Amino acid sequence: MKKIGVLISGRGSNMVALADAVRDRRMADAEIAVVISNIASAGGVVKAQERGIATAVLDHRGKTREEHDRAMAAELRKHEVDLICLAGYMRLLSPWFIREFPYRILNIHPSLLPAFTGLNAQAQALEYGVKFSGCTVHFVDEELDHGAIIRQAVVPVLPQDDEHDLAERILVEEHKIYAEAVSLVLGGKYKIEGRRVLEATESL
Ligand code: GRF
């Protein structure tokens with residue numbers, strides 16, 4: 001049984017999507033071992049508890065970034081996690097944390113990377129005027145929204161869209177590709193060549 005640790009700061013809909021994939025056996029023999037939030041009032045904490053998933057609130061305030069990350073690493077190790085999924089975790093991770101878990105941390109970002117990194121990616125896409133946007137699941141490296149790409153999905157940007165409309169359309173795809181990407185990584189049927197993540201189906 002592979003164990004997943006999920007880091008959140010907010011509503012946790014991607015965490016729920018992963019939990020649903022586990023429940024529906026769409027994920028290769030995996031479970032969510034712990035959900036960690038840096039925000040006590042994050043909606044995702046209650047959603048995890050309702051699903052019987054262990055939760056921990058680790059407040060980042062009053063600590064250095066690395067001190068906080070060391071506390072998170074200790075919690076993740078306690079639960080013996082194999083993979084760490086960032087799901088709306090709104091803090092940068094320290095280089096220390098990222099080096100502790102090489103190719104073991106995934107993130108979901110609501111744009112087609114490398115376009116529109118950082119905050120408010122959907123608003124950035126609207127403002128830029130792109131006709132298509134989407135979402136990306138990638139390995140986390142020491143640069144923001146930068147690591148090797150595992151999955152992407154594309155959605156159209158429609159003329160009448162506001163930020164909320166576009167975010168909703170992207171979110172539907174996020175929930176699909178995050179579970180697929182986690183399943184792929186846990187199953188190990190891929191290899192990495194430079195920045196390219198090649199799935200076993202792509203003639204390894
Ligand atoms: C998602 O749009 C995700 O791509 C971004 O933050 C948002 C988190 O939403 N990183 P949720 O907390 O998973 O509902």
Side-chain angles (χ1 to χ4, degrees), residues 2-32 35 44 47-48 51 81-90 101 103-126 130-141 143-158 161 163-193 195-202 204:
K2 299 276 182 166
K3 297 187 179 199
I4 304 164
V6 184
L7 307 188
I8 64 167
S9 300
R11 70 188 160 180
S13 74
N14 278 288
M15 178 278 297
V16 168
L18 294 178
D20 287 351
V22 167
R23 182 199 61 201
D24 300 344
R25 303 193 182 287
R26 280 181 280 125
M27 210 121 49
D29 199 26
E31 66 174 11
I32 299 181
V35 171
K47 289 177 189 156
R51 287 164 176 77
V81 308
D82 300 287
L83 190 67
I84 299 161
C85 293
L86 310 186
Y89 180 67
M90 299 306 287
F101 303 101
Y103 287 99
R104 291 284 114 197
I105 312 170
L106 306 189
N107 182 42
I108 179 122
H109 182 76
S111 75
L112 293 173
L113 291 174
F116 314 129
T117 59
L119 293 175
N120 305 320
Q122 302 95 334
Q124 291 183 54
L126 277 180
V130 293
K131 301 300 182 195
F132 293 90
S133 189
C135 47
T136 304
V137 182
H138 63 94
F139 287 107
V140 171
D141 67 10
E143 254 178 82
L144 179 68
D145 299 328
H146 173 268
I149 290 170
I150 303 164
R151 282 281 167 122
Q152 292 187 303
V154 180
V155 306
V157 180
L158 303 178
D161 275 350
E163 193 181 334
H164 175 77
D165 300 323
L166 180 58
E168 283 290 303
R169 194 174 305 120
I170 292 172
L171 195 62
V172 172
E173 300 305 317
E174 292 186 36
H175 296 164
K176 291 182 202 160
I177 66 167
Y178 213 173
E180 290 170 7
V182 169
S183 189
L184 174 71
V185 172
L186 288 178
K189 292 197 172 63
Y190 67 97
K191 66 176 181 179
I192 299 171
E193 283 179 5
R195 287 192 48 88
R196 298 184 75 196
V197 178
L198 302 171
E199 298 187 29
T201 50
E202 294 172 5
L204 290 187

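Count residues from 1 along the sequence. Quick caveat: nothing in here was measured; it's all calculated off a predicted structure.
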Please give me the minimum heavy-atom distance between [X] and [Y], naming the atom from each residue.
| X | Y | value |
| --- | --- | --- |
| D161 | P156 | OD2-O, 4.2 Å |
| G134 | L112 | N-CG, 3.8 Å |
| V197 | Y190 | CG1-CD1, 3.9 Å |
| C85 | V182 | SG-CG2, 3.6 Å |
| S133 | V157 | N-CG2, 3.9 Å |
| F116 | S111 | O-OG, 3.2 Å |

So do the side chains of [X] and [Y] get within less than 4.5 Å of each other, counting heavy atoms only?
| X | Y | value |
| --- | --- | --- |
| D82 | I4 | no |
| L106 | V140 | no |
| I170 | Q122 | yes |
| I108 | I177 | yes |
| L166 | L158 | no |
| V185 | L83 | yes |

Donor-acceptor contacts, no H, no angles, side chain residues 145-154, under 3.5 Å, sequence neighbours left out:
unit_1 : atom_1 : unit_2 : atom_2 : d
D145   : OD1    : N107   : ND2    : 3.4
D145   : OD2    : H109   : ND1    : 3.4
D145   : OD2    : G118   : N      : 2.7
H146   : ND1    : D141   : OD1    : 3.3
H146   : ND1    : D141   : OD2    : 2.5
R151   : NE     : E199   : OE2    : 3.2
R151   : NH1    : E180   : OE1    : 2.3
R151   : NH2    : E199   : OE1    : 3.2
R151   : NH2    : E199   : OE2    : 3.3
Q152   : NE2    : L113   : O      : 3.1
Q152   : NE2    : T136   : OG1    : 2.9

Just say parallel, tilted or perpendicular for the rings of F139 and Y103, cut-offs at 30° and 60°.
perpendicular
Sidechain N-carboxylate O distance under 4.0 Å for E193, R196:
no
Kindly compute the distance separating [atom1] ([X]) from [atom2] ([Y]), expressed to the nearest 0.5 Å.
| X | Y | atom1 | atom2 | result |
| --- | --- | --- | --- | --- |
| Q124 | T117 | CD | OG1 | 6.5 Å |
| L171 | H175 | CG | NE2 | 3.5 Å |
| I105 | Y89 | CD1 | OH | 10.5 Å |

Take L126 and E163 through the side chain to side chain contact (heavy atoms under 4.5 Å, CB included) test and state the conclusion after the steps.
CA-CA 7 Å; L126 277 180; E163 193 181 334; 4.2 Å; yes
So, does S183 use its side chain to make a donor-acceptor pair with the main chain of M27 at under 3.5 Å?
no
Name every donor-acceptor pair, under 3.5 Å, that has one atom in a side chain of residues 14-23 and the other anywhere in the protein, sequence neighbours excluded.
unit_1 : atom_1 : unit_2 : atom_2 : d
N14    : ND2    : E174   : OE1    : 3.0
D20    : OD1    : R23    : NH1    : 3.4

